[in-house]
Every structure is written in structure tokens, then in C-alpha cells.
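Below: one structure, written as C-alpha cells.
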Amino acid sequence: MSEAGTVVADPWSSKIRQHEAVAAADPDLAFDLHVLAGPAELTAHLAARRDRTVVLRPEVSDDTGSAVLVRPGAAPPEPEIRRLWDRGGRIVAHDHVPGTPCFVNGVVLDGVLHLTDVWRCFSLEEGPRSLLTSVVNLAPGSPRERELAHRLSPVVKGVGLVSGPVTFEAVTGAGGTVKVVKFAARAAGHPLPHLCSLLGLPDQAAALAGGSRALAGRPAEPGFVADYAFVAREGGRLVRVEGLDEIRALRSYAGDIFLPTPGETITPTTGEGGAGAILLRNQDEEILLADVEFCQQRNREGVFAITADARQPLGR
């Protein structure tokens with residue numbers, strides 16, 4: 001499962017510049033971001049915040065799995081942090097903000113932001129990582145979608161976007177709070193356009209081609225869809241997928257996206273995608289969300305049984 005697009009070399013690829021633009025458009029949308037230029041600054045920053053979870057990201061990254069979490073009472077994950085420095089540039093840090101991460105995609109037509117699709121993200125906390133396991137669409141035209149369009153429009157205007165696609169990563173919280181993690185003037189990447197097509201919704205390309213008429217033609221009740229990825233905590237030769245019959249019996253189960261078969265070698269999950277994934281689809285949001293939670297619980301318990309003589313543990 002890849003993030004909502006691929007960062008390209010553009011003036012807004014720096015999270016520092018993005019943060020400045022977001023804060024200028026609406027300070028309430030911006031994290032309290034700290035720019036760290038070297039290890040000594042990072043050490044001092046973490047020491048001052050040892051009682052909270054700190055999120056660290058490289059200044060420029062092209063994947064949702066780039067963030068490293070330093071949790072209260074836990075030693076900083078030095079190998080992960082070294083990888084951040086290895087990407088070059090600086091590290092940006094902010095305190096963890098509770099809420100629901102979202103991919104928010106849209107198009108700008110004549111300077112006006114129109115959202116095409118919004119995806120709530122589900123993840124599992126694994127050591128210094130938060131591993132993305134699933135995305136579920138928000139109902140198109142819902143009050144929450146309209147509110148996101150309203151809140152994010154000043155960012156689009158502030159950076160001078162007149163036409164074209166735009167994608168945001170944001171965190172929505174209690175009381176309607178919204179924080180922008182990052183944004184880019186590009187189209188969403190796989191699998192989000194494909195999931196849109198399954199729902200009969202126009203993705204960004206279709207919205208740009210058809211304009212406001214394409215957006216007006218969205219089905220009122222397209223239902224809900226999710227892709228769900230299962231995490232492998234150890235690598236090795238697969239013996240079986242635990243509880244596969246129960247997973248396939250879920251009311252929302254709509255097919256396998258990819259699953260390893262016994263005898264295959266799998267590797268530990270350290271980023272996006274997992275070691276296997278399924279598709280969930282249902283007209284009833286509550287049923288689909290319950291099935292996502294079922295998969296989350298199975299994922300926490302572990303679904304991949306591997307041979308004891310070929311284990312490769314998930315790095316921390």
C-alpha cells in the first residue's frame with residue numbers, strides 16, 4: 001500500500017517550506033514544528049520532551065513510512081534515527097497529536113479546491129514505527145468532507161495553486177481539529193485511484209478531465225471500501241496464514257489483493273504494504289469498520305506462521 005502519491009522535485013518538497021505555508025494560511029492547521037540540523041540538537045530536543053511521544057521525519061521524503069516515533073520512557077531508536085540523517089538535509093520534529101490520520105485528495109479548478117476522495121488511515125504501533133494497515137473512504141459529500149475542504153482551501157490559495165491536483169496528509173481530531181502533515185501539488189498514488197474506481201467515484205484525473213460536472217455526478221451512496229495489509233513481524237518460510245478462513249468469511253471480504261502461500265519466503269514488515277493484503281467492501285459503514293477492527297486484532301495477534309529455523313526478526 002503506497003502513500004497518496006510520490007513526491008517529486010518541486011519547490012514544496014521540503015516539509016519546512018510546507019509548514020511555513022500552512023502556518024501562514026491558518027496557524028491552527030500547523031504542527032508546532034522544530035527543525036533540527038544535527039544530532040546534538042536532536043538529543044537536546046528529545047531530552048526536553050522525554051515525557052511525550054515525539055514524531056521525527058526527514059525534511060524530504062516520498063513515503064508514509066518515513067516517520068520515526070520516540071515514545072516516553074523508551075530509548076531513542078538509534079538505527080532508525082541514523083537512517084533519517086542518512087537521507088540528508090535536516091530532521092523535523094513535532095509532538096504526537098492524537099487523532100485520525102487521513103489522505104485528502106482533490107483538484108483545484110479556477111483557484112477553488114474541490115475534494116475528490118478522503119481516506120481514514122488505520123495503523124499498528126510497532127516499536128518506533130506506526131505501520132499503515134488500511135484506508136477507508138469517507139462518505140463523499142459528508143459534513144466532514146465539506147469541513148476539510150473549507151479548512152484546507154486557505155492553503156491552496158496561499159501557495160497560489162490555480163488548477164491541477166493536490167493531495168494532503170492530515171490528522172483530524174476531537175472537536176473538528178485538523179493538522180496538516182504535508183501536502184503536494186500532485187495526484188494521489190496507488191491504490192487510491194483504484195479504490196475510487198471500485199466505488200464509482202471520479203478520481204483526480206477524472207475530475208480534472210470532467211470539471212465540476214464530474215464531481216456533481218458522484219453517487220450519493222457509493223458505499224465503503226478498504227484495503228487491509230497484514231504485518232509480518234518475522235521473516236522466513238511461511239507455514240500457514242492463521243485464521244484465513246475466518247478472515248475470508250467476513251461480511252465485507254471482497255477478495256485477496258495478494259497473499260503468500262505456504263512455502264514462500266516472507267520478509268519482516270518495516271514500511272508500507274505488509275506481507276499480504278485483502279480487499280474489504282460493504283454498503284454499511286459500521287459493518288466494514290467492524291471488519292477492519294477484526295483484522296486489526298488478528299494482525300496484533302499475528303497471522304503468519306513461519307518455520308522456526310528460518311526466522312528473521314523485525315528490526316527495531
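For the atom pair OG1 of Thr267 and CD of Glu234, the computed distance is 12.5 Å after rounding to the nearest 0.5 Å. Atoms CH2 and CG, on Trp119 and Leu132 in that order, are 12.5 Å from each other to the nearest 0.5 Å. Separation of atoms CZ (Arg52) and CZ (Arg50) is listed at 10.5 Å; rounding is to 0.5 Å. For the atom pair CZ of Phe294 and CD1 of Ile247, the computed distance is 6.5 Å after rounding to the nearest 0.5 Å. We find the CZ-OG1 distance between Arg233 and Thr269 to be 8.5 Å, quoted to the nearest 0.5 Å. Interatomic distance, Arg57 CZ to Leu36 CG, rounded to the nearest 0.5 Å: 13.5 Å.
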Query raised in the report: Which is it for Leu138 and Arg120 under the side chain to side chain contact (heavy atoms under 4.5 Å, CB included) test, yes or no, and what are the steps along the way?
Result: CA-CA 7 Å; Leu138 198 66; Arg120 293 159 288 178; 3.9 Å; yes
Query - side chain to side chain contact (heavy atoms under 4.5 Å, CB included) evaluation trace for Arg129 with Val68 - result: CA-CA 6 Å; Arg129 296 288 191 191; Val68 173; 3.5 Å; yes
Requested in this report: Go through the steps for Val171 and Thr100 under the test side chain to side chain contact (heavy atoms under 4.5 Å, CB included), then give the verdict.
Outcome: CA-CA 5 Å; Val171 176; Thr100 302; over 6 Å; no
Query raised in the report: After noting the C-alpha distance and the side-chain angles of Arg90 and Glu59, does the key distance pass the salt bridge (Lys or Arg N to Asp or Glu O under 4.0 Å) rule?
Result: CA-CA 5 Å; Arg90 296 165 286 186; Glu59 180 181 356; 3.2 Å; yes
Report task. Would you check, one step at a time, whether the test side chain to side chain contact (heavy atoms under 4.5 Å, CB included) holds for His19 with Ser14? Result -> CA-CA 9 Å; His19 172 263; Ser14 165; over 6 Å; no
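Put simply, the side chain of Val55 does not reach to within 4.5 Å of the side chain of Asp95, judged on heavy atoms. Using a 4.5 Å heavy-atom cutoff, the side chains of Leu208 and Leu109 are in contact. Between Val92 and Gln18, every side-chain heavy-atom pair lies at or beyond the 4.5 Å cut-off. Between Gln296 and Ser134, every side-chain heavy-atom pair lies at or beyond the 4.5 Å cut-off. Looking only at side-chain heavy atoms (C-beta outward), Cys295 and Leu250 come within less than 4.5 Å of each other. In this structure, Leu42 and Leu56 have side chains that are in contact, with non-hydrogen atoms separated by less than 4.5 Å. At least one side-chain heavy atom of Phe103 sits less than 4.5 Å from a side-chain heavy atom of Cys121. Side-chain contact between Phe168 and Val155 is present, with at least one heavy-atom pair separated by less than 4.5 Å.
A pairwise comparison of heavy atoms in Gly273 and Ala229 identifies O-CB, 3.3 Å as the closest pair. What you find for Ala226 and Val292 is that their closest heavy atoms are CB-CG2, 4.3 Å. In this structure, Pro140 and Pro219 approach most closely via the heavy-atom pair CG-O, 4.1 Å. Nearest heavy-atom pair, Pro58 versus Leu84, reported as atom, atom and distance to 0.1 Å: CD-CD2, 3.5 Å. In terms of heavy-atom proximity, Gly276 sits nearest to Pro260 at CA-CD, 4.2 Å. In terms of heavy atoms, Val156 sits closest to Val108 at CG1-CG2, 3.6 Å.
Every ring-ring contact (aromatic ring centres under 6.0 Å, His included) that His45 has, sequence neighbours left out, goes to His34. Not a single ring-ring contact (aromatic ring centres under 6.0 Å, His included) links His114 to another residue, sequence neighbours left out. The ring-ring contact (aromatic ring centres under 6.0 Å, His included) check on Phe304 picks up nothing, with sequence neighbours excluded. When the side chain to side chain contact (heavy atoms under 4.5 Å, CB included) test is applied to Ala139, the partners found at least two apart in sequence or on another chain are Ser142, Phe224.
Remark: Arg251 CZ is loosely packed, at most 12 non-hydrogen atoms of other residues, nucleotides or ligands lying under 6.0 Å away. Residue Glu301 places its CD atom among more than 12 non-hydrogen atoms of other residues, nucleotides or ligands, all under 6.0 Å distant. Heavy atoms from other residues, nucleotides or ligands lying under 6.0 Å from CG of Asp110 number 12 at most.
A donor-acceptor pair is defined here as one N or O able to donate and one able to accept, closer than 3.5 Å; such a pair exists between the side chain of Asn137 and the backbone of Val225. Side chain of Glu80 to backbone of Pro77: no donor-acceptor contact under 3.5 angstrom is found. Judged by distance alone, the side chain of Glu147 and the main-chain N or O of Pro143 form no donor-acceptor pair under 3.5 Å. Between the side chain of Arg281 and the backbone N or O of Leu198 there is at least one donor-acceptor pair closer than 3.5 Å. Asp227 places no side-chain N or O within 3.5 Å of a backbone atom of Leu279 that could act as its donor or acceptor partner. A donor-acceptor pair under 3.5 Å is absent between the side-chain atoms of Thr167 and the main chain of Ala184, judged by distance alone. Side-chain N or O atoms of Tyr228 include none that pairs as donor or acceptor with a backbone N or O of Thr133 at under 3.5 Å. Looking at Gln204, its side chain never comes within 3.5 Å of a backbone N or O of Ala187 through a donor-acceptor pair. A distance-only check finds no donor-acceptor pair linking the side chain of Arg248 to the backbone of Asp245 [under 3.5 Å].
Using a 4.0 Å cut-off between charged side-chain N and carboxylate O, Glu145 and Arg151 make no salt bridge. A salt bridge links Lys182 with Glu169: at least one charged nitrogen is closer than 4.0 Å to a carboxylate oxygen. A salt bridge is absent between Arg298 and Glu242: the closest approach of a Lys/Arg side-chain nitrogen to an acidic carboxylate oxygen does not fall below 4.0 angstrom. A salt bridge links Arg71 with Glu125: at least one charged nitrogen is closer than 4.0 Å to a carboxylate oxygen.
Within the structure, every pair that satisfies the side-chain hydrogen bond (donor to acceptor under 3.5 Å, both in side chains) test and touches residues 286-295, not counting sequence neighbours, is listed here: Ser252-Asp291, Glu293-Arg300. For residues 194-213, no residue pair satisfies the salt bridge (charged side-chain N to carboxylate O under 4.0 Å, His left out) rule, not counting sequence neighbours.
Between the side chains of Thr116 and Asn105, not a single donor N or O lies within less than 3.5 Å of an accepting N or O. The closest side-chain donor-acceptor pair between Ser123 and Ser130 falls under 3.5 angstrom. Thr172 and Lys179 form no side-chain donor-acceptor contact under 3.5 Å, judged by distance and modelled atom types alone.
Clustering ILVMFWY residues whenever any of their side-chain heavy atoms sit less than 4.5 angstrom apart, transitively, puts Leu161 in the very cluster that holds Leu148. No continuous path of hydrophobic side-chain contacts links Val107 to Leu199 [ILVMFWY only; heavy atoms under 4.5 Å]. A continuous path of ILVMFWY side-chain contacts below 4.5 Å connects Leu280 to Phe230, so both sit in one hydrophobic cluster. In the hydrophobic clustering of this structure, Val159 groups with Val166; members are Ile, Leu, Val, Met, Phe, Trp, Tyr whose side-chain heavy atoms approach within less than 4.5 Å, directly or through other members. By the rule that hydrophobic residues join a cluster once side-chain heavy atoms approach within less than 4.5 Å of another member, Val104 and Leu215 end up as members of separate clusters.
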